[in-house]
Structure formats: C-alpha cells, structure tokens
Amino acid sequence: MNFTAMVVDVLKSIPHGKVATYGQIATLAGNRFGARQVVWILNSLSEKEKLPWHRVINSQGRISLKRGAGYEHQKKLLLEEGIKFDKADKINFKLFLWQPKLFSRA
DNA sequence: CAACTGACGATAG
DNA sequence: CCTATCGCCAGTT
C-alpha cells in the first residue's frame with residue numbers, strides 16, 4: 001500500500017460532520033511530512049474517488065482556499081454538514097476535528 | 001535526471 | 001498579524 005492510496009483511504013473514512021487537517025491525514029497515512037501530497041491528491045483524485053475534499057482544512061482550523069477560489073464553496077459544504085465557524089472564520093477543533101481512535105496508535 | 005508545483009506545517013523574526 | 005525559510009511528498013514537465 002503506497003502513501004497515496006493510504007491517503008485516499010483515510011480521506012474516505014472521514015465521517016460526515018467532521019474535519020481533518022492535511023498534516024493529520026498525512027500522519028495517519030504513514031508520513032507526517034506528506035501534507036503536500038495530500039494537497040495534490042485533493043486536486044487530482046477528489047473527482048474520481050469521490051473524496052470529501054471539503055472536510056480537509058489546515059492546521060489552524062481555517063480553509064486554505066482564497067476567497068473566490070473555492071473558499072465560499074467549501075465553507076458552504078461544511079456548514080451544510082453542521083460544521084460552524086467562529087468570528088475569525090475558524091473551525092473549533094474541540095467540536096469538529098475528526099479524532100480516529102483506531103489510528104491513534106498505528 | 002532536474003526543476004517545478006500544490007489548498008501544508010513548524011519555526012523564526 | 002505578516003513574511004520568510006526549511007522540510008518533506010509525489011506527479012508533471
């Protein structure tokens with residue numbers, strides 16, 4: 001199982017109503033420095049693999065896309081899943097960060 | 001083979 | 001808050 005396949009697998013297991021960070025996904029997939037690869041995957045495989053790309057945000061709990069470049073679209077999708085943003089447009093990890101217990105050890 | 005790229009992350013100033 | 005730098009991955013050119 002290569003890293004890319006692992007990432008896709010991890011992405012598919014993100015539950016509805018939760019979000020994950022690039023670094024978190026990379027770590028779960030086996031390489032904590034693979035965050036950049038995660039980005040590439042979201043851009044190239046999200047369509048084919050039906051990946052929940054909108055549930056992926058950066059380590060600060062914010063959407064990385066720029067306004068007018070998908071930001072609003074992603075935010076809308078997240079709001080529809082019940083995820084909320086605070087005044088600084090950030091997501092509260094305490095409430096919405098995906099915490100996969102099964103992988104915390106692996 | 002080398003350089004470039006992408007929605008990153010942590011750190012430093 | 002901001003910019004800059006380094007580190008790392010893998011697909012593309």
Side-chain angles (χ1 to χ4, degrees):
Chain A
M1 197 63 124
N2 55 48
F3 181 64
T4 300
M6 284 296 290
V7 172
V8 171
D9 214 50
V10 173
L11 288 171
K12 286 181 176 175
S13 54
I14 299 176
H16 177 280
K18 292 289 182 179
V19 298
T21 66
Y22 300 91
Q24 173 183 22
I25 292 169
T27 300
L28 292 174
N31 192 318
R32 78 191 191 83
F33 299 115
R36 316 203 59 174
Q37 179 62 10
V38 174
V39 171
W40 179 86
I41 291 172
L42 291 180
N43 273 298
S44 60
L45 305 176
S46 58
E47 285 295 311
K48 307 171 185 175
E49 304 292 338
K50 309 285 190 213
L51 302 177
W53 62 272
H54 55 284
R55 299 196 187 121
V56 185
I57 59 180
N58 61 30
S59 65
Q60 302 158 60
R62 304 217 302 86
I63 292 175
S64 294
L65 298 173
K66 301 166 188 170
R67 288 222 169 246
Y71 182 95
E72 309 243 323
H73 180 38
Q74 179 169 13
K75 184 173 182 179
K76 181 173 183 285
L77 291 173
L78 292 176
L79 288 173
E80 289 176 3
E81 294 199 349
I83 294 171
K84 300 189 174 57
F85 296 74
D86 64 18
K87 294 177 182 176
D89 245 18
K90 295 199 298 189
I91 292 173
N92 186 329
F93 282 154
K94 290 287 185 183
L95 303 175
F96 307 110
L97 179 65
W98 177 42
Q99 291 169 33
K101 296 166 184 170
L102 293 182
F103 298 94
S104 59
R105 282 280 86 202

Pair of N/O donor and acceptor under 3.5 Å linking C/dG7 base with A/R36 side chain
yes
Give me the first and last nucleotide of DNA chain B, going 5' to 3', that has any atom under 4.0 Å from a heavy atom of chain A.
B/dG6 to B/dA10
Quick check: on DNA chain B, is the nucleotide nearest A/L42 upstream (toward 5') of the one nearest A/R32, or the reverse? Name the residue that is more 5'.
A/L42
Output, in order, the C-alpha distance, side-chain angles, deciding distance and verdict of side chain to side chain contact (heavy atoms under 4.5 Å, CB included) for A/I57 and A/Q74.
CA-CA 10 Å; A/I57 59 180; A/Q74 179 169 13; 4.2 Å; yes
Steps toward side chain to side chain contact (heavy atoms under 4.5 Å, CB included) verdict (A/L51, A/V56)
CA-CA 10 Å; A/L51 302 177; A/V56 185; over 6 Å; no
What interatomic distance, in whole Å, is found between C1' of C/dC8 and the corresponding atom of B/dG6?
13 Å
Can you tell which of A/V19, A/T21, A/I14 makes a side chain to side chain contact (heavy atoms under 4.5 Å, CB included) with A/W98?
A/I14
Check A/F96 against A/G17 and note the closest heavy-atom contact, atom names and distance.
CD2-O, 3.9 Å
Check the distance between C/dC2's C1' and A/Q60's CD and give it to me in whole angstrom.
12 Å
Is A/N43 touching bases, backbone alone, or none of the nucleic acid, heavy atoms closer than 4.0 Å?
base
List the residues meeting ring pair (Phe, Tyr, Trp, His ring centres under 6.0 Å) with A/W53, not counting sequence neighbours, and say none if there are none.
A/H73
Quick test of your reading of the model: are A/E80 and A/K76 salt-bridged, counting only N-O distances below 4.0 Å?
yes
By the definition salt bridge (Lys or Arg N to Asp or Glu O under 4.0 Å), identify the one residue from A/R62, A/K84, A/R67 that meets it with A/D89.
A/R67
Can you check side chain to side chain contact (heavy atoms under 4.5 Å, CB included) on A/L45 and A/T4, steps first, answer last?
CA-CA 10 Å; A/L45 305 176; A/T4 300; 4.2 Å; yes
Got a list of protein N/O to nucleotides 10-13 of chain C N/O distances below 3.5 Å?
residue : atom : partner : partner atom : Å
C/dA10  : O4'  : A/Q37   : OE1          : 2.4
C/dA10  : O4'  : A/Q37   : NE2          : 3.2
C/dA10  : O3'  : A/Q37   : NE2          : 3.4

